[in-house]
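What follows is a structure written as structure tokens; I'll ask about it next.
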Amino acid sequence: MKTKLEMLSFEKIVERVRKLKSDTILIIVDERVWSLYNDKFSLEEKITDKKIIFWIAPRGEESKRISEFEKCIESLLEQGVHRNSHLIAIGGGALSDFAGFVASTILRGIDWSVVPTTLLSMVDSAIGGKVAINSRFGKNLIGAFHRPVNVWINTEFLNSLSEEEIKSGTGEVLKYAFLSKDIYEMIIQKKGRNEIIKACANFKLDVVNEDPFEKGKRKILNFGHTLGHALEKASSLKHGVAVVWGMAIFFLIFNEGKYLNELKALKNILGWGDELPPWNVGAVPTNNIISYMEKDKKIVSGDTIDIVLVEGIGKPVIREYTIEEIKNKVKSGLDESINIIL
Ligand SMILES: NC(=O)c1ccc[n+]([C@@H]2O[C@H](COP(=O)([O-])OP(=O)(O)OC[C@H]3O[C@@H](n4cnc5c(N)ncnc54)[C@H](O)[C@@H]3O)[C@@H](O)[C@H]2O)c1
């Protein structure tokens, strides 16, 4: 089933919920989001002909625990869920990963829709149906592919989002600028925020429709992420910020520094000031980064890893390298990259 993506006001979102062909609606919402926006929904008052069951999940990543999953699913089952119930996730990427996983498992899977509330979730995590919770052995290790029926985006949510979270989402927008010439041009032409968000979300949706299970083209969405994930852990960076550094280092290692100027220009247009490398003080944690990279789940077999590179703006390519090759490239590349200022 393909996902329908719309940019909607709060009123229209409530209208869409009212029109769902289900008599039971399960709402799973991020605690912080609910404290800020519950008056915009008042679903129980506005929708009287459906049973509405709420689960307020702890904010952000806290929701993605196995113990939360158990509590939530048992509570929903206790209150009466059936196969035709429709689940709605309201929150950032963590919440939609969690709620989507609940939707994928409860009664062997029910329909669900997402109302993303962070920039990162609007352009990325709400779309595509990768849903997961965390294991003590790592993030997102317990999960499924379960695509939402609808993604309803209202950018008014961004008004309450912290600068740090906006910056992280902007990192993913920068990634799309190198995957799609149209998005690159839109940013250079300083198009409005909503237009850019819509273009990024639709770009991801198109890619996912072509390759729902990440067997081929969908891998391009991981541009910047191989090193990004490693940097996120090694330097405790926000996800999208780490992705930008992951792209920058790849430009150095694989493109002889080409596209770094473009990256800087795009970054400045999107309101991201000069940025020193996360390893600013002291040595680059190369060994740490390599060890995190080795554990990354994008490793496709015993000793190779799929790497996304760009051969031009809007021209991503996927290459398979041996881990040894990548280790050597990263070692030499990171020594040089100490001087990059984005
Ligand atoms: N499924 C995917 O394809 C995919 C892709 C990328 C990332 N992810 C996942 O997404 C998660 C990160 O998501 P995120 O960056 O959206 O952050 P998040 O969901 O962790 O939210 C960050 C913080 O912002 C708060 N928040 C959310 N919306 C708000 C709003 N409108 N106003 C004020 N505060 C708000 C939350 O309570 C939380 O404290 C990670 O768990 C990551 O694994 C999933």
Side-chain angles (χ1 to χ4, degrees), residues 3 10 13 28-41 56-65 68-69 89-104 112 114-135 138-148 151-173 175-176 197 200-201 203-205 207-208 211-214 218-225 228-229 232-233 237-244 246 296-298:
T3 300
F10 288 114
I13 293 174
I28 300 187
V29 56
D30 177 291
E31 179 186 36
R32 174 156 171 74
V33 172
W34 202 236
S35 72
L36 295 167
Y37 293 95
N38 63 71
D39 60 317
K40 300 284 184 197
F41 291 95
I56 304 198
R59 64 182 60 180
E61 207 63 27
E62 298 287 298
S63 63
K64 290 173 67 174
R65 294 186 179 151
E68 275 306 314
F69 172 73
I90 309 174
L95 185 283
S96 57
D97 274 11
F98 168 72
F101 186 61
V102 171
S104 76
W112 71 301
V114 194
V115 179
T117 63
T118 61
L119 179 53
L120 187 121
S121 59
M122 290 175 191
V123 297
D124 185 7
S125 44
I127 303 150
K130 274 194 192 175
V131 294
I133 56 173
N134 300 331
S135 147
K139 266 181 66 129
N140 300 327
L141 295 183
I142 306 162
F145 283 96
H146 189 56
R147 293 159 88 186
V151 175
W152 295 317
I153 299 178
N154 181 340
T155 55
E156 276 184 58
F157 279 111
L158 302 181
N159 299 338
S160 56
L161 201 61
S162 67
E163 252 178 62
E164 209 190 6
E165 298 293 344
I166 293 278
K167 195 168 169 183
S168 179
T170 305
E172 290 287 349
V173 173
K175 174 194 81 178
Y176 288 115
I197 291 174
C200 293
F203 179 84
K204 175 156 181 184
L205 194 58
V207 172
V208 167
D211 175 21
F213 300 108
E214 203 170 288
R218 184 168 178 167
K219 291 182 187 170
I220 64 167
L221 300 171
N222 294 327
F223 180 49
H225 284 62
H229 280 153
E232 195 174 340
K233 293 188 189 116
L237 294 182
K238 280 265 162 207
H239 178 77
V241 176
V243 166
V244 171
D296 195 288
K297 59 187 182 311
K298 278 164 200 70

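Numbering of ligands and ligand atoms starts at 1, following listing order.
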Ligand 1 atoms in contact with Glu61 (distance to a heavy atom under 4.0 Å): 20 (O), 40 (C), 41 (O)
Min N/O separation Asn140 to ligand 1 under 3.5 Å: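 Yes, Asn140 has an N/O under 3.5 Å of an N/O on ligand 1.
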Side chain, backbone, both or neither: the part of Val131 lying under 4.0 Å from ligand 1 by heavy atom: neither
Shortest protein contact, atom 16 (O) of ligand 1 (heavy atom only): Thr118 OG1, 2.5 Å
Glu31 and ligand 1 - part of the residue with a heavy-atom distance under 4.0 Å: neither
Distance in Å, Ile133 CD1 paired with Phe98 CZ, rounded so as to fall on 0.5 Å steps: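 Result: 7.5 Å between the selected atoms.
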Min heavy-atom dist Lys204 to ligand 1 below 4.0 Å: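 Under 4.0 Å: yes for Lys204.
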salt_bridge(Glu232, Lys238) N-O dist < 4.0 Å: no
Asp97 (side chain) donor-acceptor with Val131 (main chain) under 3.5 angstrom: no
Distance from atom 14 (P) of ligand 1 to nearest protein heavy atom, with residue and atom: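 Of the protein heavy atoms, Gly93 N, 3.6 Å lies nearest.
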Over all atoms of both residues, closest heavy-atom pair of Ala132 and Lys64: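 The answer is O-CE, 3.4 Å.
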Point-to-point distance, once rounded to the nearest 0.5 Å, from CG of Asn134 to CZ of Phe101: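 Spacing of CG (Asn134) from CZ (Phe101) equals 11.0 Å.
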Stepwise side-chain contact (heavy atoms from CB on, under 4.5 Å) test for Phe145 and Ser104: CA-CA 8 Å; Phe145 283 96; Ser104 76; over 6 Å; no
Contact check, side chains of Tyr37 and Thr117, non-hydrogen atoms, under 4.5 Å: no
Identity and distance of the protein heavy atom lying nearest atom 34 (N) of ligand 1: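 The protein heavy atom lying closest is Arg32 NE, 3.4 Å.
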Nearest-neighbour protein heavy atom for atom 23 (C) of ligand 1, which is reported as residue plus atom name and distance: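 Nearest neighbour among protein heavy atoms for atom 23 (C) of ligand 1, to 0.1 Å: Glu165 OE2, 3.7 Å.
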Which residue and heavy atom of the protein sit nearest atom 5 (C) of ligand 1, plus the separation: Ser125 CB, 3.4 Å
Heavy-atom pair of closest approach, residues Ile90 and Val33: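 Heavy atoms only, the tightest pair is CG2-CG1, 4.1 Å.
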Side-chain touch Glu68/Glu62, heavy atoms, less than 4.5 angstrom: no
Presence of salt bridge, Glu172 and Lys175, under 4.0 angstrom: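 Yes, charged N to carboxylate O under 4.0 Å.
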Contact check: Ile127 vs ligand 1, nitrogen or oxygen atoms, below 3.5 angstrom: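 Between Ile127 and ligand 1, no N or O pair is found under 3.5 Å apart.
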N/O donor-acceptor pair under 3.5 Å between Asn222 side chain and His225 backbone: no
Ligand-residue contact atoms, ligand 1 with Val33, heavy atoms, under 4.0 Å: 27 (C), 28 (N), 29 (C)
Ligand 1-proximal atoms of Lys238, by part, heavy-atom distance under 4.0 Å: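 Neither part.
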Location of contacts on Thr117 toward ligand 1, heavy atoms closer than 4.0 Å: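 Under 4.0 Å from ligand 1, Thr117 contributes backbone and side-chain atoms.
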Nearest protein heavy atom with distance in Å, relative to atom 15 (O) of ligand 1: Leu120 CD2, 3.5 Å
Interatomic spacing from CD in Glu165 to CG in Leu158 - rounded to 0.5 Å: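 Going from CD on Glu165 over to CG on Leu158, the span is 11.0 Å.
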Ligand 1 versus Leu158: contacting region, heavy-atom distance under 4.0 Å: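 The answer is neither.
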Structural part of Leu161 in contact with ligand 1, heavy atom criterion under 4.0 angstrom: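 Looking at Leu161 and ligand 1, atoms from backbone and side chain both fall under 4.0 Å.
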Aromatic ring pairing Phe157/Phe10, orientation class (parallel under 30°, perpendicular over 60°, tilted between):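 Ring orientation, 0 to 90° scale: perpendicular.
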Nearest-neighbour protein heavy atom for atom 36 (C) of ligand 1, which is reported as residue plus atom name and distance: Asp30 OD2, 3.4 Å
Minimum-distance protein heavy atom relative to atom 9 (C) of ligand 1: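 Nearest neighbour among protein heavy atoms for atom 9 (C) of ligand 1, to 0.1 Å: Asp97 OD2, 3.4 Å.
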Nitrogen or oxygen of Ala94 less than 3.5 angstrom from that of ligand 1: yes
For Lys139, the ligand 1 atoms whose distance to one of its heavy atoms is below 4.0 Å: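 Atoms satisfying the 4.0 Å criterion: 40 (C), 41 (O), 42 (C), 43 (O).
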Closest heavy-atom pair and its distance - Gly240, Leu120: N-CD1, 4.5 Å
Ligand 1 atoms in contact with Ser160 (distance to a heavy atom under 4.0 Å):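 Going through ligand 1 atom by atom, the ones under 4.0 Å from Ser160 are 30 (C), 31 (N), 32 (N), 33 (C).
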Proximal ligand 1 atoms for Leu36, defined as those under 4.0 Å from one of its heavy atoms: 32 (N), 33 (C)
Ligand 1 N/O within reach of Lys64 N/O, cut-off under 3.5 Å: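 Yes: some nitrogen or oxygen of Lys64 is under 3.5 Å from one in ligand 1.
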